[in-house]
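This report refers to the structure that appears directly beneath it.
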There are 2 protein chains.
Amino acid sequence: MLSRKTKYALKALTYIARQQEKKPVQTAIISESENISHKYLEAILLTLRNLGYLGSKKGKGGGYYLLKPASEIQMVDLLRKIEGPIALVPCVSLNYYEKCDDCPDEGACSVHLLMIEVRDSTLKVLENKSLADII
Amino acid sequence: MLSRKTKYALKALTYIARQQEKKPVQTAIISESENISHKYLEAILLTLRNLGYLGSKKGKGGGYYLLKPASEIQMVDLLRKIEGPIALVPCVSLNYYEKCDDCPDEGACSVHLLMIEVRDSTLKVLENKSLADII
DNA sequence: AATTACCCTATCGGAGTAGTAGGGTAATGA
DNA sequence: TCATTACCCTACTACTCCGATAGGGTAATT
């Protein structure tokens, strides 16, 4: 299941990306439009900024804005950074790999092999999606 | 992420399905072979029995056994019943649908549309997999 | 009748999530 | 300059779920 945090991050990014002008968007506006708790959204936007997706401008007329064109923001990267692994079990994760403490042999594990297939099909979708695609 | 419960359930089922003879398999044997807490496994096997996947036999020489051929046990069904929804957000779940409290219009939600694609690609994998396929 | 193995209830610590509280700091415009 | 606006940061809390444990009860074999 996708966390609310990730969902909010996606919604906020699409909201910002949808703006015609490059003007910064205020957090209050996003939180009202998308029905997200204002303070909670602040924390998320801050994360997105620290990840290099957003820039911010303080003072009157300030807010958040995209640092890259929406077409260059890939869904896979975003989800991995906010949500964590794409894979459903750590032992098939490409970016967050962890060995199972119980499995002596991954190659012989039926769950392992099944989850690789699931992971790959999910990746296929996410690797071909940018922020621009979902606006 | 897949819960340990589901992973254990899959492992237990494959273990039972691998037996040549139709003889019942004891919980103790499964828990030792697959490194699963014995008591916890008991609860899982009980669930699988109540779901109609397994039968059980008490007394000496008892244990659990498959009620259906492995080829008729579909991964989608199993995962849905043990783990819950396949979808990553409730609003795109086919079997566990729930409306988002924040979204006024699902059709306009970018997250919604993206997650439908992810769900469908996952389903495509799981719908073509039976227990027999992953042994 | 004793053994074996299934069956059930209750409980618990730990981890993570969503959200709140409250304040601080920097940069605009007037 | 100075007040306003809006970003920035820390800490805390209520809540839920998960994996696991404890301890016993019951039914069916040999």
Taken to the nearest whole Å, CZ/B:Arg4 to P/C:dG14 is 16 Å

Spacing of A:Leu41 atom CG relative to C:dA18 atom P, expressed in whole Å: 13 Å

Report yes if at least one side-chain N or O of A:Ser56 is closer than 4.0 Å to OP1 or OP2 of D:dA6; otherwise report no. no

Here the distance between atom P of C:dT17 and atom CD1 of A:Ile82, to the nearest Å, is 12 Å

Where the side chain of B:Tyr40 is defined as all heavy atoms beyond and including C-beta, which of D:dA20, D:dC9, C:dT20 is the nearest nucleotide? D:dA20

At less than 4.0 Å, is any side-chain N or O atom of A:Tyr64 found next to OP1 or OP2 of D:dC8? Yes or no. yes

Which whole-number value in Å describes the distance from B:Lys57 NZ to D:dT26 C1'? 17 Å

Does B:Ser37 make a side-chain N or O approach to OP1 or OP2 of D:dG19 shorter than 4.0 Å? no

Measuring from the side chain of B:Lys39 (C-beta onward, heavy atoms only), which nucleotide among D:dC8, D:dG24, C:dT28 has the closest atom? D:dG24

Give the nucleotide from the list C:dA5, C:dA26, C:dG29 with an atom nearest to the side chain of A:Lys60. C:dG29

Please check: side-chain N/O of B:Asp120 versus main-chain N/O of B:Glu117, any donor-acceptor pairing under 3.5 Å? no

Just so I know, are the side chains of A:Lys11 and A:Ser33 near enough to count as touching, which here means a heavy-atom distance under 4.5 Å? no

With respect to the side chain of B:Lys58, which nucleotide from C:dC6, D:dG19, C:dA18 is positioned closest? C:dC6

Let me know the distance between CZ of B:Arg49 and C1' of D:dA27, rounded to the nearest Å. 11 Å

State whether B:Ser3 places a side-chain N or O below 4.0 Å from either non-bridging phosphate oxygen (OP1 or OP2) of D:dC17. no

With a 4.0 Å cutoff (strictly under), does any side-chain N or O of A:Tyr8 reach OP1 or OP2 of C:dG19? yes

Nearest-angstrom distance from the residue atom NE2 of B:His38 to C1' of C:dC7: 12 Å

Given atom CD1 of B:Ile44 and atom C1' of D:dC18, what is their separation to the nearest angstrom? 11 Å

Between A:Glu98 and A:Ser93, is there a side-chain donor-acceptor contact under 3.5 Å, judged purely by atom types and distance? no

Indicate yes or no: at least one non-hydrogen side-chain atom of A:Arg119 is less than 4.5 angstrom from one of A:Leu94. yes

Comparing nearest nucleotides in DNA chain C, the 5'-proximal residue of the pair A:Lys5, A:Gly59 is A:Lys5

Mind calculating the distance between NZ (B:Lys7) and C1' (D:dA20) to the nearest angstrom? 15 Å

With a 3.5 Å cut-off and just heavy-atom distances, do the side chain of A:Glu42 and the base of D:dC8 make a donor-acceptor pair? yes

A:Lys68, NZ: over 12 other non-hydrogen atoms inside 6.0 angstrom: yes

